[in-house]
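Naming: A, B, ... by sequence-line order, numbering from 1 per chain. Computation of the quantities below employed the complete heavy-atom set of this structure, encompassing side-chain atoms and omitting hydrogens, waters and symmetry-equivalent molecules.
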There are 2 protein chains.
Amino acid sequence: MPAGDRMTQFDKALLGLRSMILSGEVEANSRLPEVQLSERFEISRTPLRKAMDLLVEEGLLERIETGGCRVASFTRSDIVDAIELRGVIEGTAARLAAERGASAADLAQCDRILDGIDAALDAPGGLDFDRYVALNAQFHAMLATLSGSAVMRREVDRVTRLPLASPSAFLQGQDLIPDFRESLRRAQHQHRALVAAIRGREGARAEALAREHARLARQNLDHVMKGDARLHARVPGLALVSAP
Amino acid sequence: MPAGDRMTQFDKALLGLRSMILSGEVEANSRLPEVQLSERFEISRTPLRKAMDLLVEEGLLERIETGGCRVASFTRSDIVDAIELRGVIEGTAARLAAERGASAADLAQCDRILDGIDAALDAPGGLDFDRYVALNAQFHAMLATLSGSAVMRREVDRVTRLPLASPSAFLQGQDLIPDFRESLRRAQHQHRALVAAIRGREGARAEALAREHARLARQNLDHVMKGDARLHARVPGLALVSAP
DNA sequence: ACCCGTGGTGATGTATACAAGATGGGCTCA
DNA sequence: TGAGCCCATCTTGTATACATCACCACGGGT
């Protein structure tokens with residue numbers, strides 16, 4: 001395997017498939033023919049199949065009983081459940097971090113990230129959205145690290161990749177919404193409280209905060225689903241969501 | 001793909017690998033050479049590699065940066081964390097079942113399973129161990145179903161397959177321990193309480209019970225690790241556990 | 001004696017060929 | 001005319017061949 005950062009055929013397949021699916025280019029429940037895709041990506045079926053296997057694990061694709069895969073589709077309640085689950089698992093990471101004690105260095109790193117988010121929120125010329133998303137992801141990854149458990153870290157990573165459950169899944173496009181920045185400030189306030197709880201060894205508080213923090217994503221989901229078509233087109237993966 | 005129950009080459013590889021690893025035949029951190037294994041199982045590398053990919057996802061194998069896989073090794077605290085995580089996720093399933101309301105039919109099915117466990121505990125001629133293990137697994141699967149959420153069901157299934165975190169991971173061999181049956185009765189009492197909490201729509205109680213119930217597995221783990229060599233040989237996967 | 005470069009060896013990643021099975025359309029028969 | 005069966009086609013699952021890359025030992029130079 002190419003060590004490090006070289007773009008392997010498998011990566012090409014993975015990125016290509018994700019992009020195809022989330023962009024809505026292929027519609028939900030449609031079958032994905034392997035040869036056609038392998039020709040499109042100019043790779044052989046072997047790495048393509050491996051990428052499809054991974055996407056099945058992630059839940060973006062479903063296996064068909066008779067063989068092959070199709071694009072998965074999600075209901076609102078699927079996504080709500082996935083978000084709830086993320087909150088629960090991040091909450092456990094936060095609780096363990098509080099109970100077991102996080103290192104001063106890691107906590108300081110959290111503070112630095114949160115300072116960065118403050119700066120992104122108050123950037124001259126308005127909200128620096130990309131920077132916010134990147135730092136937000138960093139903060140959530142750091143939360144998993146604070147628990148000091150490789151198992152937790154791994155599972156937080158995993159649940160964060162559940163389709164449409166990531167901390168920044170439904171942020172795209174919301175910068176059009178007037179009080180969006182205010183909502184980000186509320187999120188940031190929760191970030192600060194979360195770190196304070198961990199620092200103060202308040203496990204139950206940390207857990208509850210992380211859970212409620214994740215539920216902010218539910219509001220974002222509803223905002224986006226109620227939005228107009230222009231908004232819909234900007235949100236990756238929204239085409240996979242059916243009504244109920 | 002062969003629909004249904006035919007034994008495919010992939011299944012052969014998966015079962016063979018799992019058995020090799022859990023039996024301790026290959027030691028922790030040792031590399032798994034693909035060609036050698038494919039010859040041993042009399043299959044080609046293609047389905048073998050797919051099986052290895054899956055085991056990497058499950059955490060039983062680790063990918064080596066330079067390519068290939070090795071057998072993972074676990075510390076006691078890895079397993080404790082995995083058990084805690086299972087408790088948290090099963091707890092969430094139980095809470096959602098209570099909050100959203102489980103169907104009477106599903107609850108009745110739970111009761112039937114629990115009656116079966118009672119029967120297995122009091123079987124003429126002593127504890128019917130295999131029956132207990134099977135019914136216990138059924139009960140835990142049912143718990144996931146009660147939540148009414150496909151997402152929860154999927155993730156409970158998944159976390160139950162984390163290495164050495166399953167509800168029956170460390171039961172093997174414990175029938176040698178005198179008060180083992182008593183410990184199973186305690187577990188069964190928690191099962192009953194759990195169903196009662198869900199039936200009574202007591203979400204927080206259900207969640208707490210499921211968490212504490214999972215932690216019984218921690219006791220089993222410690223019993224087994226303190227046990228003698230005769231016990232060690234009977235517990236699948238214990239060879240992968242290193243001290244700290 | 002020790003370090004560095006170089007070639008051999010075996011590993012994995014990828015491509016392609018082959019075979020079994022599913023799918024769909026057309027044909028036959030009632 | 002409609003229903004059921006059969007065959008062609010395409011799909012996937014598996015096997016195998018090939019290319020590339022890492023690891024390791026050996027030899028030469030300092």
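Taking the ring-ring contact (aromatic ring centres under 6.0 Å, His included) definition, one finds that A:Phe139 meets it with A:His191, sequence neighbours left out. By the side-chain contact (heavy atoms from CB on, under 4.5 Å) test, A:Asp222 pairs with A:Arg76, sequence neighbours left out. The side-chain contact (heavy atoms from CB on, under 4.5 Å) test applied to B:His232 returns B:Leu238, not counting sequence neighbours. For A:Ser73, the side-chain contact (heavy atoms from CB on, under 4.5 Å) test picks out A:Ala28, A:Asn29, with sequence neighbours left out.
Here the C1' atom of nucleotide C:dT12 and the CD atom of B:Glu65 are 14 Å apart, to the nearest Å. To the nearest angstrom, C1' of D:dA19 lies 12 Å from CD of A:Gln9. Rounded to an integer number of Å, the gap from CG of B:Leu48 to P of C:dG13 is 12 Å.
Residue pairs meeting the salt bridge (charged side-chain N to carboxylate O under 4.0 Å, His left out) criterion with at least one member in residues 13-38 of chain B, sequence neighbours excluded: B:Arg18-B:Glu58, B:Glu25-B:Arg40, B:Glu34-B:Arg45, B:Glu34-B:Arg49. For residues 7-66 of chain A, there are no ring-ring contact (aromatic ring centres under 6.0 Å, His included) pairs, not counting sequence neighbours. For residues 82-97 of chain B, the set of pairs meeting the salt bridge (charged side-chain N to carboxylate O under 4.0 Å, His left out) definition, not counting sequence neighbours, comprises A:Glu84-B:Arg95, A:Arg95-B:Glu84, B:Glu84-B:Arg215, B:Glu84-B:Arg218, B:Arg86-B:Glu90, B:Arg95-B:Glu99, B:Arg95-B:Glu207.
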Please write out the pairs of protein N or O atoms and N or O atoms of nucleotides 16-18 of chain C separated by less than 3.5 Å, giving the distance to one decimal.
residue	atom	partner	partner atom	Å
C:dT16	O4	A:Thr46	OG1	3.4

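Taken residue by residue, residues 29-37 of chain B places heavy atoms nearer than 4.0 Å to DNA chain C at B:Leu32, B:Pro33, B:Glu34, B:Val35.
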